Protein chains: 4
Amino acid sequence: MRISKDPEVRKQEILDAASRLFEKQGIEKTSMADVAKEADITKGLVYYYFKSKEELVDEALKHFILESELVLKNIVQNRNLDFFGKLSEILKLYFLTISKNLGINTLAKSNPGVYELVKRSLCKSALDHTGVLVEEGVKSGFINISHPEYILKILIGGIADLYSEGVRDPDVFADIIEQTLHLPKDSLRIW
Amino acid sequence: MRISKDPEVRKQEILDAASRLFEKQGIEKTSMADVAKEADITKGLVYYYFKSKEELVDEALKHFILESELVLKNIVQNRNLDFFGKLSEILKLYFLTISKNLGINTLAKSNPGVYELVKRSLCKSALDHTGVLVEEGVKSGFINISHPEYILKILIGGIADLYSEGVRDPDVFADIIEQTLHLPKDSLRIW
Amino acid sequence: MRISKDPEVRKQEILDAASRLFEKQGIEKTSMADVAKEADITKGLVYYYFKSKEELVDEALKHFILESELVLKNIVQNRNLDFFGKLSEILKLYFLTISKNLGINTLAKSNPGVYELVKRSLCKSALDHTGVLVEEGVKSGFINISHPEYILKILIGGIADLYSEGVRDPDVFADIIEQTLHLPKDSLRIW
Amino acid sequence: MRISKDPEVRKQEILDAASRLFEKQGIEKTSMADVAKEADITKGLVYYYFKSKEELVDEALKHFILESELVLKNIVQNRNLDFFGKLSEILKLYFLTISKNLGINTLAKSNPGVYELVKRSLCKSALDHTGVLVEEGVKSGFINISHPEYILKILIGGIADLYSEGVRDPDVFADIIEQTLHLPKDSLRIW
DNA sequence: GATGAATGAGCATTCATTCAT
DNA sequence: AATGAATGAATGCTCATTCAT
C-alpha cells in the first residue's frame, strides 16, 4: 500500500531507522534493505532520499551531535551559572548522551567502528563547548595547569570509555575530573 | 608459476600483507582476495594457512601487542630503575609502539574499527604493566590520588588518541602525565 | 537489458529451469549460477525469489508430487469406480507421472540422489492413496494376503525402478501387480 | 613421518577409509582431504593411487559387491542344498550385507545418492545369483508365475528399502517372498 | 612411494544500486 | 513520491588437482 508523507518527515524516519540499526548491529552489518524494512518502506525510496549508503551514514551520524548541540550552547551562555556550575551541567549532559548512545551493544567486539564514530562525534561536540569554558576557567584562574585543552580532551574521551566499560558511579567521575584538572575537591556536582 | 616457500616465511608474508591492508583500508573493507593479491599468492593458499578471515584478523592483530610484551616485562622487573625510571621507560616504549602502529592512515574516516581494535590491544598491554607499577607507586607513596587505576586508564587511552591526532611533542606528554598523576614536575624523562 | 516480468511467471520460470537442470545433472552438481543462466537471469534474481538453494530445491521437488495430488484424491473418492477400477486409475496416473519425471536421464550414474528423492516423493504420494484403497480391499475381501501394506510399498517402489530401467509394457506391470497382490487375472486395466 | 607400505595394502587402506566416509557423510560431502586424513596419509598419496575422485568412488563402490560375490557363487553351486535351501541361504547373505551397509546414516535425507548407489550394487549382485536360481526354480516347477525375473527384481530392491526404513523381522520378509513368488508357506527359512 | 605447499576454478550468498512503472 | 523487480560485482570459503622436492 502506498503511503505518501511529507518529505521532511519521511527523511527523518529513515534517518531514525538507520540510526537505530547502526547502533544495534553496526554500520557495516546494516544493509540498505535492513534500513528500508525498519522504516517500513522500500529500498528504492531510501535511495530517493539518500543517494548512497555513505550519504545515509554521514547524515545519521551527524544526528548524534546535533541533538545536544543546542542544549550545550545554552548552558555555556547561561549567566546564572558560575564556572563550576557550567562545567557540571555540561558533564551532566555529556553523561546523559553517553548513557543513551554508548550502550553495551555498541561496544561488542563484533561492532567496532560505530562505537568509535559515535564517540568521536560526541567528544567533538563536548570538547567544543567545554573548550570555551576551560579557556574561561584558565583566564579567571579557576584552572591552573598547563595544556588544559589536551587534558580535557583526554578526560572527555576517557570518561566515555570508562563508562562504556561499566564504570557508572558519578562520584568517581567527579573525583577524577577534579583531580586531573586540579579543581577543588567537591567543586563539581554532577548528579 | 609455482613458488614454494618455507611455511613460516609464507605465513609471515600473509600476515604482513594483511596487516598492511587492514591498516590502509580497514578490516571490513579488506577481502581475502585483496590479501592474496597483496601477498602475491592465491586465495586458496591464504586459506591453507588461516582457516578463516577471523583467524587471520586475530593473528594479525595479535602482532601489534606481542611485539612489546617481553620488553615491557623486563622493564617492570628491572631493579636498576626507580619508580619514575620505570614509568618513563614504559611510556617510551608505549610511544614507540603507538607511533609505529597508529599512523595517520589508521585514523582515516573510512577506517573505523582497526584503529579502535589496535588501540584496545595496545592499551590493554600497556595497562597490564603500568598497572602493577602504579600499584607499587601508590604503596610507596609516589602516587597520592584516588582512583589511580581509572586515571591511568584514561591517560593511556587518551595519549594514544592525542598522538593519532597529530600531537607528537614528548614534553607535552610528560607534562600531562605528571600533572594528572600529581607527580613532581620533570620527574619523567620520556625521550 | 532489463526485462521485468510478473513475479508469478518469473518464479515459475526459475522453478522450471531448476527442475530441468536437477533432472539432467543432479541437484548437487547444479549451481545457483547454472540455474540463473538456464533461466536467463542473474544470480541475484534467483535469490530474490528463493532465499537459499535449499529452498529452491525443496520447492522444485514439491512440484513432482503436488501435480497429481488432487487427481489422486478424486480417484479414491470416486463412487463410480469399483475397487479394481480405482486401483487401475491410480496406477495409470502413477505411470503417467513416472514416465514424465523419471526419464532415462534421471538415472544416469552421475546423477544419484535426484532419482531417489523424486522417487521417494512420488512413492509417498502413491502410497498414501493406494494405502487407503488397499485397506478397503482387505476389508471387502478383494485382497487376501498378509502384510499387504509392505507388499504394496515394495510394488510401488519396484515399479518405478523397473520403469526407469526401461520396462514399459503396461501388461507386464498389470500382470505383476495382479500376481503379487493375488488379484484375479485381468482384473486390472491399466491402459 | 614417512611410512612406506606395500602398495596393495596402502591402496586397500585408502579404499577402506573412503568407504567408511562415503557411508557416513555421503560421497559429495566427502572431500579428498577427508579421505587422506581418515587414511592418515597426505592428499598427494591418494592421488598417487587413484587418479581422480571419480576413480576412487568407483573402486570403493565396487567393494560393496565383491565382498559377497564369492560366497554367493558357492551357495548357488552347492549340491547339498535344494532350491528352497539355496534361496534361503542367498537371502540370508543378502540381509547380512544389507544390515552391514545400509545403516541409518546412509539413509539420511542429507545423504541421498550413496544409499542408492550401494543398494544398486547390492541388488545387482543379488539378482545375478538369485536369477540363475529362479530360472532353475521355474524349470523344475517350483516357481510358477509369469515374469518371475521382474518380480524378483522388485522384491530384492523393495526388501532393501523396507529394511532401511526399519522393518527387521525375518519372518515378515520370508512371508512376503513366499507370497509374491507363490511359494509354499514356510518353505523359506531365512534365519 | 610419499609429502605438503600451491593453484585455480567454482560455489552459495549478500548487497549497493538502478530503473521501468 | 513510491514501488519492487532486476542487476552485477563482490565476498568468504571449499576442493579437486598438480608438482617440486
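Order of the sequence lines fixes the chain letters, A, B, ..., with proteins taken first and strands second; residue numbering starts at 1 for each chain. Just so it is clear, the model here is predicted, and its values are computed rather than measured.
Remark: Lys11(A) pairs with Glu59(A) by the salt bridge (Lys or Arg N to Asp or Glu O under 4.0 Å) rule, at least two apart or across chains. Remark: Glu13(C) engages Lys5(C), Arg10(C) in a salt bridge (Lys or Arg N to Asp or Glu O under 4.0 Å) (not counting sequence neighbours). Thr42(C) pairs by the side-chain contact (heavy atoms from CB on, under 4.5 Å) definition with Leu45(C), not counting sequence neighbours. Under the side-chain contact (heavy atoms from CB on, under 4.5 Å) criterion, Ser52(C) pairs with Glu54(C), Glu55(C), not counting sequence neighbours.
Atom CD in Glu13(D) sits roughly 14 Å away from atom C1' in dA2(E) (whole-Å rounding). Put simply, NZ on Lys5(B) is 17 Å from P on dA20(F), counting in whole angstrom units. The CG atom of Leu56(D) sits 14 Å away from the C1' atom of dC15(F) (whole-angstrom rounding). Rounded to an integer number of Å, the gap from Gln25(C) CD to dG10(E) C1' is 14 Å. Rounded to whole Å, atom P of dT17(E) lies 10 Å from atom CD of Glu55(A). The separation between Arg2(C) atom CZ and dT7(F) atom C1' is 6 Å, rounded to whole Å. As rounded to whole Å, 16 Å separates atom P of dG4(E) from atom NZ of Lys11(B).
Judged by closest nucleotide on DNA chain E, Ile3(B) is the one of Ile3(B) and Ser4(C) placed further toward the 5' end.
Of all non-hydrogen atoms in Ala60(B) and Phe22(B), the two that sit nearest each other are CB-CE1, 3.9 Å.
Dashed line: the shortest gap from a side-chain N or O of Thr42(B) to OP1 or OP2 of dG8(E) is not under 4.0 Å. Of the side-chain N and O atoms in Arg10(A), none sit less than 4.0 angstrom from OP1 or OP2 of dA1(F).
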Practice item. Using the side-chain contact (heavy atoms from CB on, under 4.5 Å) rule, take Val57(B) and Lys53(B) through it: C-alpha gap first, then chi angles, then the decisive distance, then the call. Key: CA-CA 6 Å; Val57(B) 169; Lys53(B) 185 179 178 180; 4.2 Å; yes
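Looking at Leu15(C) and Phe50(C), their side chains come closer than 4.5 Å, going by heavy atoms from C-beta outward.
With a 3.5 Å limit on both pairing distances and Watson-Crick or G-U wobble geometry required, the stems of 3 or more pairs in DNA chain F span E:2-21 with F:2-21.
Rounding to the nearest 0.5 Å gives a distance of 8.0 Å between CD1 of Ile14(C) and CG of Leu56(C).
Within 4.0 Å (heavy atoms only), Tyr49(B) reaches sugar-phosphate atoms of the nucleic acid but no base atom.
With Lys24(A) contributing its side chain and Thr30(A) its backbone, the two residues share no donor-acceptor pair below 3.5 Å.
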Practice item. Produce a footprint string for nucleotides 11-16 of chain E: one letter per nucleotide, 5' end first; B if the base is under 4.0 Å from any protein heavy atom, S if only the sugar-phosphate is, - if neither. Key: SBBBSB
